[in-house]
Amino acid sequence: MVGSNFKIGDEVEVTSPIHNMRGTLFQAKIIGKSRDKTKLKVEYNKVKAKIDGNLGRRKRHQQRNEVEEEVDVALIRPLPPQESKYCCFKLGDVVDAFFCGGWWEGVITDVMKDSTFGVYFRFAKEKFEFESEELRLHREWVKGSWLPPLQQGDDSTTEEPKPWMKEDFVQGTQVEICTDEDGFQGAWFAANIVKVMGKDKFLIRYKSIKTDDGKEFLTEEVDAQHIRPCPPQTVVVESFSLNEEVDAFYNDGWWEGVIRKVLRGPRYRVYFKGTKDELLFEHSDLRPRQDWIDRTWVMASQALKH
């Protein structure tokens, strides 16, 4: 039965499937199941209702300051463990920042005085400042366990795995995965490392690709040549140029392409060599392409010189 790990009345967090809200978690309560029993019905608070109203997603029949929605079980997780004191965040930590009624996933890029931190959000390509009480360490809910795991007996002094280093990847690290499958060449998909299987093998869990039954996000084993860290923060460009190499967000992944035409908007026609397709994209769905060469990030234009 769908949602057997959740009961009506449970307080949970729900991941938003909307692209411009990707990586956002909203608190909700489970209030029932869908008619076909394939989804769970949840009720959000009034802040989430207001956001959905602005996006035109609020249901017409609702008059109260709550919003109900039927969602896939794969998008639902329990409330994360509460920490009794604020963490000592450090540069490079992956965190959730409380903003506009939800928890948004970002990376600490600046540590300032008075417990203030600069957090960069990749989906928005912007950085905002937050106080320590507005942040929490980011954790993934994988097969009934929190990653990174909690230390036994004390969740307030949880020691996080060390952040990504050039020499290795560790459990809980955010990464991007590529595949050799036909039709997917040149595509990179966001994932988290669930377990280090060996020197060159990793068990990863995708953040957007689901299993065939749609009940949870896909977990699989990949080798080192198909994995790389998430690209670092880059200077936000106001516009892209003709023939510039970019990554375009499409079908839940970043696809390597080339700007073929610059349009008003700004919008762009992007050509993909792997599939020989040419598609239209908004500026917000593109990022400067960077290549992972010899354990170092290199802008695509510089990579041609290697």
Side-chain angles (χ1 to χ4, degrees), residues 16-24 92 94 104-107 109 119-127 164 166 169 173-193 204-209 217-218 222 224-263 265-306:
S16 175
I18 304 173
H19 171 44
N20 60 0
M21 296 174 67
R22 186 172 299 278
T24 312
V94 180
W104 302 67
E105 181 182 346
V107 179
T109 56
V119 179
Y120 178 76
F121 301 99
R122 288 192 176 90
F123 74 94
K125 298 181 180 178
E126 288 190 68
K127 181 179 70 175
W164 172 82
K166 288 185 176 180
F169 298 100
T173 304
Q174 292 190 84
V175 293
E176 290 187 342
I177 307 296
C178 69
T179 176
D180 294 327
E181 292 186 26
D182 290 339
F184 288 91
Q185 292 89 345
W188 292 90
F189 297 91
N192 283 83
I193 294 179
I204 60 93
R205 181 177 185 250
Y206 290 100
K207 304 186 74 173
S208 59
I209 302 176
F217 291 104
L218 179 64
V222 298
Q225 67 180 2
H226 293 104
I227 188 172
R228 71 181 189 182
C230 292
Q233 176 183 355
T234 59
V235 176
V236 178
V237 297
E238 294 184 358
S239 62
F240 295 99
S241 305
L242 190 67
N243 296 323
E244 184 173 353
E245 296 186 61
V246 296
D247 291 338
F249 193 84
Y250 178 70
N251 278 352
D252 294 321
W254 290 98
W255 300 69
E256 298 175 357
V258 179
I259 301 290
R260 277 293 175 86
K261 192 172 184 179
V262 180
L263 306 172
R267 296 181 298 165
Y268 306 87
R269 301 288 303 185
V270 180
Y271 174 75
F272 302 97
K273 181 179 178 180
T275 60
K276 295 181 169 49
D277 291 326
E278 187 172 314
L279 302 174
L280 181 66
F281 288 91
E282 301 287 339
H283 183 274
S284 59
D285 290 325
L286 302 179
R287 70 184 185 187
R289 180 180 161 192
Q290 299 180 81
D291 292 304
W292 181 240
I293 300 175
D294 295 330
R295 297 181 180 272
T296 303
W297 284 108
V298 180
M299 296 299 293
S301 57
Q302 299 173 349
L304 297 175
K305 301 176 184 179
H306 284 252

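Along the sequence shown, residues are numbered consecutively beginning with 1. This is a predicted model, so every value here is computed, not measured.
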*asked:* Please enumerate all residues that pass ring-ring contact (aromatic ring centres under 6.0 Å, His included) together with Phe281, with sequence neighbours excluded.
replied: Phe272
*Quick one: closest heavy-atom pair of Ser208 and Phe189, and the distance?*
OG-CD2, 4.5 Å
*Side-chain heavy-atom pair Pro231, Glu176 within 4.5 angstrom cut-off*: yes
_Nearest heavy-atom neighbours spanning Asp247 and Pro288_ = OD2-O, 4.4 Å
*Answer yes or no on whether Arg260 is positioned over the face of Tyr271, meaning its NZ or CZ is under 6.0 Å from the six-membered ring centre and within 45° of the axis.*
yes
*To the nearest 0.5 Å, how far apart are NE2 in His283 and CD in Glu238?*
8.0 Å
*Option among Val258, Asp285, Ile259 that satisfies the side-chain contact (heavy atoms from CB on, under 4.5 Å) test with Val246*: Ile259
*Indicate the atoms forming the closest heavy-atom contact of His226 with Trp188, along with that distance.*
O-CZ3, 4.1 Å
_Value rounded to 0.5 Å, distance of OG1 in Thr275 from OH in Tyr250_ = 8.0 Å
*If you round to the nearest 0.5 Å, how far is CD of Glu256 from NZ of Lys273?*
10.5 Å
*Heavy-atom closest pair, residues Ile177 and Tyr206*: CG2-OH, 3.5 Å
*Say you draw a straight line from CD of Gln290 to CD of Glu245; how long is it, rounded to the nearest 0.5 Å?*
12.0 Å
*Any donor-acceptor pair under 3.5 Å from Tyr268 side chain to Phe240 backbone*: yes
*How many angstroms lie between CD1 in Ile193 and CD1 in Ile227, if you round to the nearest 0.5 Å?*
4.0 Å
*Whether Arg269 side chain and Glu278 backbone form a donor-acceptor pair below 3.5 Å*: yes
_Nearest non-hydrogen partners of Arg205 and Phe217, listed with the distance_ = NH2-CD1, 3.5 Å
*Measuring from Gln185:CD to Cys178:SG, what's the distance to the nearest 0.5 Å?*
10.0 Å
*side-chain contact (heavy atoms from CB on, under 4.5 Å) involving Glu181 - partner list, sequence neighbours excluded*: Thr179, Phe184
*Compare every heavy atom of Trp292 with every heavy atom of Arg228, then report the nearest pair and how far apart it is.*
CB-CD1, 3.8 Å
